[in-house]
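Everything on this sheet refers to the single structure shown next.
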Number of protein chains: 2
Amino acid sequence: MQSIIDILKENDIAPSMQRIKILEYLKNYKTHPTADMIYQALADEIPTLSKTTVYNTLKTFTEKGILMALYLFSNEVHYEYNTQPHIHFQCTKCNKIYDLYQSFDHYNNDLIDGHKITEYHINLKGICKNCLEKGK
Amino acid sequence: MQSIIDILKENDIAPSMQRIKILEYLKNYKTHPTADMIYQALADEIPTLSKTTVYNTLKTFTEKGILMALYLFSNEVHYEYNTQPHIHFQCTKCNKIYDLYQSFDHYNNDLIDGHKITEYHINLKGICKNCLEKGK
DNA sequence: TCCATTTTTATAATGGTTACAAATAAGTAA
DNA sequence: TTACTTATTTGTAACCATTATAAAAATGGA
Ligand SMILES: [Mn+2]
Ligand SMILES: [Mn+2]
Ligand SMILES: [Zn+2]
Ligand SMILES: [Zn+2]
């Protein structure tokens, strides 16, 4: 069980208070937040927090591979703490983003038509279980 | 063999010169252009063309299902004339976007974990055949 | 403590996109 | 055709997410 500070140190990132809180947030709340959502969530706890710091930190974390940047169905970038490969599903009714752990054949195939594949991003759209039930 | 004008009329869109040219461009050049790329490409031919018209037109076409909006690995929206389902692959070296016609199992599965799936967007990243050969 | 370096912050700038309202074009009835 | 109504295009300003910049603050070592 790795602490937030350990993760930062292992990646040669000085564990400042802002960085700890941002990574902690992403590790605890797996809601695929945007930079603004993270800023809003932490602004109370860290009144001096700057949105630039959030952007800088997310950039650093992403470059180090601690976070994954998600380009879903809008111009906003969503972020998540990197775990195992999985699929994203966004509900068109409630906009909630779900993680799906379906296994896809081609996760294990790294050459298609001669192109070397390094990343798979599978984004599904539809109506989630909750919204389907409500709609009845 | 359906003409551009027919496609527009079938979708209850008046076939103005701007709309014809924009749809024609997307039908002929399958390069997944952004709004700005389309504007740049047509600006010579239609000197009075406004970027707003390009955006309005792309929005109309997308709402009618004539075009597909693609959210790949940036904040810019790419557009393409809707054909059969396929996968996108973007090269990290040359940024070119490739269409791949791999068949994925789950194209035919419309219910995952109780969620109703209506759209599949599979976006791959890596190094394309061309760039691999150049890199040798 | 002093000083150099890192990190954070506020502000301005950028870039893609949208809102708005005026100008133009198209369609229709007399 | 004209007069009038509606649809479409256009230029401009606004918007919003993100990035650049430079000053302020914090950190860490000599
Ligand atoms: Mn996820
Ligand atoms: Mn395509
Ligand atoms: Zn839902
Ligand atoms: Zn390439």
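Here is how names work: the chains are called A, B, and so on, in the same order as the sequence lines, proteins then strands, and each is numbered from 1.
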**OP:** From the options D:dT10, D:dT9, C:dT8, select the nucleotide whose nearest atom is closest to the side chain of B:Leu49.
**Re:**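 So the side chain of B:Leu49 is nearest to D:dT10.
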
Original post:
Is the backbone N or O of A:Glu119 less than 3.5 Å from a side-chain atom of A:His121, with the two atoms forming a donor-acceptor pair by type?
Top reply: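 Looks like no, no N/O pair under 3.5 Å.
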
Subject >> B:Thr118 side-chain N/O to A:Lys125 backbone N/O, donor-acceptor pair under 3.5 Å >> reply: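 Between the backbone of A:Lys125 and the side chain of B:Thr118 there is a qualifying donor-acceptor contact (under 3.5 Å).
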
Original post:
Is B:Ile112 linked to A:Ile122 within one hydrophobic cluster, defined over Ile, Leu, Val, Met, Phe, Trp and Tyr using a side-chain heavy-atom separation of less than 4.5 Å?
Top reply: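 As far as the 4.5 Å side-chain criterion goes, A:Ile122 and B:Ile112 are connected within one cluster.
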
Provide, to the nearest angstrom, the distance between the [atom1] atom belonging to [X] and the [atom2] atom belonging to [N].
{"X": "A:Glu63", "N": "D:dT19", "atom1": "CD", "atom2": "C1'", "result": "13 Å"}
{"X": "B:Gln40", "N": "C:dG15", "atom1": "CD", "atom2": "P", "result": "13 Å"}
{"X": "B:Leu42", "N": "D:dT10", "atom1": "CG", "atom2": "P", "result": "11 Å"}
{"X": "A:Asn56", "N": "D:dA17", "atom1": "CG", "atom2": "P", "result": "17 Å"}
{"X": "A:Leu70", "N": "D:dA17", "atom1": "CG", "atom2": "C1'", "result": "16 Å"}
{"X": "A:Met17", "N": "C:dT7", "atom1": "CE", "atom2": "C1'", "result": "12 Å"}
{"X": "B:Leu8", "N": "D:dA7", "atom1": "CG", "atom2": "C1'", "result": "15 Å"}
{"X": "A:Ile46", "N": "C:dT8", "atom1": "CD1", "atom2": "P", "result": "10 Å"}

Original post:
Looking at five pairs on each end of the helix from C:dT1-D:dA30 to C:dA30-D:dT1, what is the angle between the two axes, given to 10 degrees?
Top reply: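 That helix gives 10° between its end axes.
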
Give a yes/no answer on whether the side chain of [X] brings an N or O atom under 4.0 Å of OP1 or OP2 in [N].
{"X": "B:Tyr55", "N": "C:dT18", "answer": "no"}
{"X": "A:Ser16", "N": "C:dT7", "answer": "no"}
{"X": "A:Thr52", "N": "C:dT8", "answer": "no"}
{"X": "B:Gln18", "N": "D:dT10", "answer": "yes"}

**OP:** Fit a plane to each ring of A:Tyr98 and B:His115, take the angle between them on a 0 to 90° scale, and name the class: parallel (under 30°), tilted (30 to 60°) or perpendicular (over 60°).
**Re:**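 The rings of A:Tyr98 and B:His115 sit tilted, inter-plane angle from 30° to 60°.
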
Original post:
Under the side-chain hydrogen bond (donor to acceptor under 3.5 Å, both in side chains) criterion, do A:Asp6 and A:Ser3 qualify, and how do the steps go?
Top reply: CA-CA 5 Å; A:Asp6 288 343; A:Ser3 79; 3.3 Å; yes

**OP:** Could you check whether B:Asp36 gets within reach of a base, just the sugar-phosphate, or nothing at all, counting any heavy atom under 4.0 Å?
**Re:**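 Contact class for B:Asp36: none.
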
Original post:
Looking across every strand, which nucleic acid part, if any, lies under 4.0 Å from B:Thr48 by heavy atom: base, sugar-phosphate, or nothing?
Top reply: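 Sugar-phosphate: the residue B:Thr48, judged by heavy atoms under 4.0 Å, touches backbone atoms but no base.
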
**OP:** Between B:Asn75 and B:Lys59, just flag the one whose closest nucleotide in DNA chain C comes earlier from the 5' side.
**Re:**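 First, find each residue's nearest nucleotide; the 5'-ward one identifies B:Asn75.
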
Subject >> Minimum-distance pair of heavy atoms, taken over all atoms of A:Pro85 and A:Tyr101 >> reply: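 Closest pair (atom of A:Pro85, atom of A:Tyr101, distance): O-CD2, 4.1 Å.
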
Original post:
Taking all non-hydrogen atoms of both residues, which atom of A:Ile4 and which atom of A:Lys27 are closest, and how far apart?
Top reply: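 Looking at all heavy atoms of both residues, the closest pair is CD1-CD, 3.7 Å.
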
